[in-house]
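Notes to accompany the following structure.
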Amino acid sequence: MTGGGVHGSREAGAGPLLLGVRHHGPGSARSVRAALDAARPRVVLIEGPPEADALIPLAAEEDMRPPVALLAHAVDEPGRSAFWPLAEFSPEWVAIRWALDHEVPARFIDLPATHTLAWGRDEGDEGPAGRPDDPAGEMPEASRSEAPSDAHGIGPSGDDAVGDEAAAHVAVRVDPLGVLAEAAGYDDPERWWEDVVEHRGTGQGDAFEPFTVLEAAMGVLRETYGTGGHDRDLVREAYMRLQVRAAQREFGEDVAVVCGAWHVPALRRKSTVAADKALLKGLRKVKADMTWVPWTYRRLSRHSGYGAGIDSPGWYGHLFGAPDRPVERWLTKVAGLLRDEDRMVSSAHVIEAVRLAETLAAMRGRPLPGLSETTDAVRAVMCEGSDVPLALVHDRLVVGDVLGEVPQAAPAVPLQRDLDRIQRRLRLKPEALERELELDLRKENDAERSRLLHRLRLLGVAWGEPTASRGSTGTFRETWRLRWEPELSVRVAEAGVWGTTVLAAATAKAEADAVSASGLADVTALAERCLLAELPDALPTVMQILADRAALDADVGHLAQALPALVRSLRYGDVRGTGTGALTEVAAGLAERVFVGLPPACAALDAEAAEEMRRHVDAVHGSVGLLGEVAAPGQDPSAASGQGGDDASGPSATVTVAGKDGQGAATAIPGQDPPAATAATAATAVSGPDGREDAPAPDHRGLRGRWQAVLRVLSLRDTVPGVIRGRAVRLLLDDGALAQDEAARLMGLVLSPGTAPGDAAAWIEGFVGGGSGGGMLLVHDERLLGLVDAWLTGVPAEAFTDVLPLLRRTFSAYEPGVRRTLGELVRRGPGQRGSAAGAGVGIPGFGADLDGDRADAVLPVMRLLLGLDDDHDDDVANADDNDLAGVAG
């Protein structure tokens, strides 16, 4: 079927040379090149949107590297778009390059994109009118459609209407290769195609024979099963016939047409001009723009949801590019990949894999080893039977992550050009392979990269996703996971309606999002994103809407949900250099409203609502602590707050407060006014790591006292669920606003026999659960542990099964070491000295007072870790030792 070289001939008057192909098929691409070399046509007609004719010369540019795609989008609705992807092994791309190399005109003859993008609007379709790809697995792909498509690139796509055709028609539309393979005795259409096309190459013989045979096969299929009622295909074929006639009038019979094999019988069929024009009458139009965009091998794979018709673009690319010995070259490439992943693969493995692949091909009656044979050989020889490394081979090589490039001369919306300019300036190149990017916001280039990525996310261009940083939890560091997907070009085109530059578009989009936001939390999150993206022009609008929404929203849950993001935003002013003063008063007012509304909102809640409200209480507590802390300009706020990162919900922190003259420094605990808290606000400062006095902090210390009063109310009110009461007591204890004796008294009251076991278990969960370090609290305070133990042993048997799941959830959140220590303490029994680990061997355990000898033992190590040497004067050394003793205790 695919034999043929460049020495064939065609009969005179045979009509246009119709080259029916499988799209993205390397065998079809080789045959097209051979047929064009043999025929030497005066013009090459290619299935594709005619609006792209002006873009064809760009294919010869040095910077144009496939895979690429033609992108068409409606000017008034950029989201309505379609792609026509092309790889180096696509027959269309080969035809374009042949025409350019031989200075022969090349033209697209498919239905114009102006009609394709408008198709289906009459039915009220919100996205593109289904996939505009043709029944032969054609190039176009709708950007918003994930409908099933033809898997093999020959027959009609599966997203068109089935109509009243028989079930057999459906099978042909979905997989005509399956019908041909079954007729040839194959159970796998891919194997049949590889055997008759990909593995036979183009040797000596008739260069046109493959297309003659395929045309005959498609003709029989269409005669047997009909067209399946595809109105769109009939319209497209009518338009293509008109374009072929026009080319024949201009160039004579020396016309070559490269199109999907399914269309060849329809183009060969005799039809009047009037009949074809009648089919085109009344088609809707939209104004469309076209350009080239980069594409990826992964998007050529039907596994991506785009369904371009091939499972293995990387394998097909290898077959097309390998000059000889494709199996040996492929297995060598696989070995190189596995070696890069530190697997022991030698040249002997390659030799054995080649032999095994050839043996399997001979046993299966195949002319050459195909992908299935090479995969089986790799699994057996190089992967030792494991599918884990084989999955890596499939992902990296069989599918591949190749990303194409387009020249700068390609048309683009102004926003895309501005984005390209910024990417070049920041040296942030789009890549198809996912990678992590670490940014230090103290560096100007990294800060600009961060702003760009945040602005693009606000515009809906999700090039990067923020992820947890492994190296540091400070606010000066960000980690992004970057991956450029081809459809992001559509998102950029869509975002172009907001402005011509990234900054202007992000600003306009933020203002529009603020106006249309549905809830208060959405507006506060938007304010945070504006600060991250540094959009000062958008902040006034966002802040005004935020203030209005906060004044009207009476739901305490909404207010508590909105406060953390707002307070967290206040920390960005230092590292990013953005002003956050406008947020301060709004945050303080929001906190006051939460204080007033929280106690009544916590009454009479069920278990699920109580757990949600407990999370709100934690978030508000962390927000109130942060609201009173301001770091020095350029300093990581976590250093001042005593918290190691971005988590605003930590229960405690330590701040050093100094007087105006720098003397009389005292240590204060958030939530408790410091000894020198009566000084004027201007005299209060946060001490930096070098001991210097930094910028004054705003006067929000009073908020902590009022918040503690709210927590006291929650801890004592019987109508409040136990999980909230327990958490309120725990937060007061952590802040130093509640003595340990009082906390033990409250726990004893709750765990008394008069309290229902379920309510007591919920109280315990609130007090020591929720990942708040409650396990260590029980380890270090055996009195509290004894209370819990005594209560648990006294729970009636009929109630024990009800409280057990709640207790298991509480204690399962602890670290394994903490659980083990608690178990040892309980096994040892209350009132006995000795550590859990050394129970019964006389090793001293936790005592009521500081053990000076044990504290002194760690001082040399602490001095070494902190870089303190013996050259300091005695006073400084003594002060250091005192401080270190406190840390060690």
Side-chain angles (χ1 to χ4, degrees), residues 79 143-144 146 293-299 301 303-306 392 395-396 399-403 415-416 418-420 422-423 426-443 445-496 498 502-503 505-507 509-510 513 517 521-522 524-535 538 564-565 568-569 571-572 575-576 578 645-649:
S143 66
R144 288 185 181 172
E146 294 189 1
V293 296
W295 203 250
T296 67
Y297 273 1
R298 194 169 299 277
R299 281 295 184 250
S301 168
H303 296 296
S304 67
Y306 279 77
L392 177 68
D395 185 68
R396 297 280 185 86
V399 176
D401 278 305
V402 179
L403 175 65
L415 181 62
Q416 180 67 64
D418 183 62
L419 176 58
D420 293 341
I422 297 174
Q423 288 172 335
L426 298 180
R427 299 187 297 278
L428 202 57
K429 184 179 179 180
E431 296 177 353
L433 188 64
E434 185 177 281
R435 68 184 181 100
E436 282 196 354
L437 178 66
E438 294 278 352
L439 299 178
D440 186 341
L441 302 181
R442 297 169 297 185
K443 300 177 180 178
N445 191 67
D446 282 3
E448 288 196 46
R449 288 178 171 184
S450 172
R451 288 193 288 269
L452 172 64
L453 294 172
H454 279 294
R455 289 169 182 174
L456 291 177
R457 277 176 55 81
L458 199 150
L459 289 170
V461 184
W463 178 18
E465 287 289 337
T467 185
S469 178
R470 293 171 298 185
S472 171
T473 57
T475 55
F476 65 86
R477 190 176 298 279
E478 282 184 349
T479 302
W480 291 82
R481 185 175 290 113
L482 301 182
R483 184 171 186 167
W484 184 265
E485 302 286 3
E487 66 267 21
L488 294 181
S489 299
V490 178
R491 302 293 169 258
V492 174
E494 285 184 287
W498 299 106
V502 175
L503 175 60
T507 299
K509 182 68 162 53
D513 287 349
D522 295 334
T524 55
L526 182 60
E528 182 180 10
R529 296 175 69 184
C530 288
L531 287 168
L532 291 169
E534 193 174 325
L535 303 175
R568 192 165 56 243
S569 301
R571 301 189 297 168
Y572 299 140
V575 174
R576 299 175 181 272
T578 57
D646 296 332
D647 184 8
S649 62

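Just so you know, these numbers use all the heavy atoms, side chains as well, and skip hydrogens, waters and symmetry mates. All residue numbers in this chain count up from 1 along the given sequence.
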Nearest 0.5 Å, please: how far is [atom2] in [Y] from [atom1] in [X]?
X	Y	atom1	atom2	result
Glu448	Ile422	CD	CD1	8.5 Å
Glu436	Trp480	CD	CH2	12.5 Å
Trp484	Ser489	CH2	OG	5.5 Å
Cys530	Lys509	SG	NZ	10.5 Å
Leu415	Trp498	CG	CH2	12.5 Å
Glu485	Leu403	CD	CG	9.5 Å

Between [X] and [Y], what is the shortest heavy-atom contact and its length?
X	Y	answer
Leu441	Ser450	CD2-CB, 3.6 Å
Leu535	Ala510	CD1-CB, 4.2 Å
Gln423	Trp463	NE2-CZ3, 3.4 Å
Asp440	Asp446	N-OD2, 2.9 Å
Val399	Asp395	CB-O, 3.9 Å

Check whether any side-chain N or O of Arg491 sits under 3.5 Å from a backbone N or O of Ala462 as a donor-acceptor pair, and report yes or no.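 No, because the side chain of Arg491 does not come within donor-acceptor range (under 3.5 Å) of the backbone of Ala462.
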Is a side-chain donor or acceptor of Arg455 paired with a backbone partner of Leu503 at a separation under 3.5 angstrom? no
Tell me, with the steps shown, if Thr296 and Asp401 meet side-chain contact (heavy atoms from CB on, under 4.5 Å). CA-CA 6 Å; Thr296 67; Asp401 278 305; over 6 Å; no
Taking the side chain as every heavy atom from C-beta outward, state whether His454 and Arg529 have any atom pair closer than 4.5 Å. no
Is Val492 close to Leu459 at the side-chain level, that is, under 4.5 Å between some pair of heavy atoms?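 They are not in side-chain contact.
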Assess the residue pair Leu488 and Leu456 against the criterion (side-chain contact (heavy atoms from CB on, under 4.5 Å)); give the C-alpha distance rounded to whole Å, side-chain angles, the decisive distance to 0.1 Å, and a yes or no. CA-CA 10 Å; Leu488 294 181; Leu456 291 177; over 6 Å; no
In this structure, which one of Arg451, Arg457, Glu478 forms a side chain to side chain contact (heavy atoms under 4.5 Å, CB included) with Leu532?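 Of all the options given, the one that passes is Glu478.
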